[in-house]
Peer 1: 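The following block contains the structure, expressed as structure tokens.
Convention: sequence-line order gives letters A, B, ...; per-chain numbering from 1. Computed from a predicted model, the values in this text were never measured in an experiment.
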Amino acid sequence: MKIASWNVNGIRARLDHVSDWLQINQPDVLTLQETKVMDEMFPLDAFKPLGYQVNIYGQKSYNGVAVLTKKPLTEIKKGISGFKDDQTRVITGTYNGVLIINVYVPNGQSVGSEKFDYKMRWLKHFYAYLQTLLKTHQKIVILGDFNIAPADIDVHDPELWKNKVLCSENEREWLNQILGLGFVDSFRLFEQQERLYSWWDYRAAAYRRKMGMRIDLILISEALKKGCMKSYIDETPRGQDKPSDHAPVLIELS
DNA sequence: ATGGTCGATAGTCGA
């Protein structure tokens with residue numbers, strides 16, 4: 001089973017990229033973040049001919065998540081239970097006996113800002129949500145744009161980004177708390193090349209200059225660890241015309 | 001170079 005995640009930065013602006021990528025890669029599940037569209041305007045019709053069903057949780061202009069699946073997703077939940085959030089950032093559902101949690105963690109803007117406080121508060125509620133899900137599920141995949149680079153190895157210039165948003169101790173501590181519930185960063189289960197990232201700023205030709213960060217993650221629970229055969233990033237779409245600023249990330253489970 | 005570039009939207013805001 002192939003499971004993938006992609007922050008598309010606007011699904012309507014990325015329809016061709018996503019359609020082409022689906023046809024080539026044929027994932028069983030693709031989770032999307034930053035769809036940036038209200039549900040009634042989501043281009044559902046584009047995916048039916050490709051053999052995908054779509055579950056959406058969107059809003060106007062900002063945020064928005066979706067899950068594309070070859071077979072029906074079940075036990076679908078939108079948002080974080082017990083946390084009233086006016087931003088659409090989480091869809092949870094079950095596929096092939098695996099609980100899929102599609103997440104778009106708040107960006108946080110800058111350390112100490114109001115948006116950063118919201119990110120911290122949000123992560124606290126997300127953590128509690130995971131705790132409750134762990135009581136009833138063993139096979140869990142949490143994937144999406146975490147807006148946290150797990151370690152310095154995931155940052156093109158760790159000194160430049162030291163204590164900055166996406167890299168601060170507080171953010172990394174929340175990620176470690178989540179991992180401490182019994183998850184592993186699937187990417188680091190395997191030997192990887194150096195300087196592999198999942199996001200590059202549009203500005204300053206960051207992609208060409210390899211100035212990126214790995215902030216799109218696929219965490220898997222202990223029960224899935226043995227069966228995880230691959231975890232990788234597909235940079236191909238980032239090098240094409242009018243790309244998202246993020247690349248798709250994938251795992252393959254036996 | 002204290003900016004740079006995108007997407008959604010119709011002013012700017014958020015990333």
Peer 1: For nucleotides 8-15 of chain B, give me one character per nucleotide, 5' to 3': B if any protein heavy atom sits under 4.0 Å from the base, S if the only such contacts are to the sugar-phosphate, - if neither.
Peer 2: SSS--BSB

Peer 1: Taking the basic N atoms (NZ, or NE/NH1/NH2) and the acidic carboxylate oxygens, is any pair closer than 4.0 Å for A:D154 and A:R188?
Peer 2: yes

Peer 1: Cation-pi check for A:F190 against A:K230: NZ or CZ below 6.0 Å from the six-membered ring centre and within 45 degrees of the axis, yes or no?
Peer 2: no

Peer 1: To the nearest angstrom, how far is A:L160 atom CG from B:dT2 atom C1'?
Peer 2: 13 Å

Peer 1: Flag the pair A:L68 / A:L22 as yes when at least one side-chain heavy-atom distance between them is below 4.5 Å, and no otherwise.
Peer 2: yes

Peer 1: Establish, for the pair A:K124 and A:Y127, whether the NZ or CZ atom is under 6.0 angstrom from the six-membered ring centre and no further than 45 degrees off its axis.
Peer 2: no

Peer 1: Between B:dT5 atom P and A:R208 atom CZ, what is the distance in whole Å?
Peer 2: 13 Å

Peer 1: Given that A:V8 and A:R209 both sit by DNA chain B, which one's nearest nucleotide is further toward the 5' end?
Peer 2: A:R209

Peer 1: Any non-hydrogen side-chain atom of A:R214 less than 4.5 Å from a side-chain atom of A:F187?
Peer 2: yes

Peer 1: Do A:R89 and A:D145 meet the salt-bridge criterion of a basic N to acidic O distance under 4.0 Å?
Peer 2: no

Peer 1: What interatomic distance, in whole Å, is found between C1' of B:dC13 and the corresponding atom of B:dT9?
Peer 2: 10 Å

Peer 1: Expressed as a whole number of Å, how far does the C1' atom of B:dT12 sit from that of B:dA1?
Peer 2: 24 Å

Peer 1: Just to confirm, is there a sub-4.0 Å distance from OP1 or OP2 of B:dT5 to any side-chain nitrogen or oxygen of A:K242?
Peer 2: no

Peer 1: Taking atom P in both B:dT2 and B:dG11, compute the distance separating them and give it to the nearest angstrom.
Peer 2: 30 Å

Peer 1: Return the value, rounded to whole Å, for the distance between atom CH2 of A:W200 and atom C1' of B:dC6.
Peer 2: 16 Å

Peer 1: Take atom C1' in B:dG14 and the same atom in B:dA10, then report the distance between them in whole Å.
Peer 2: 16 Å

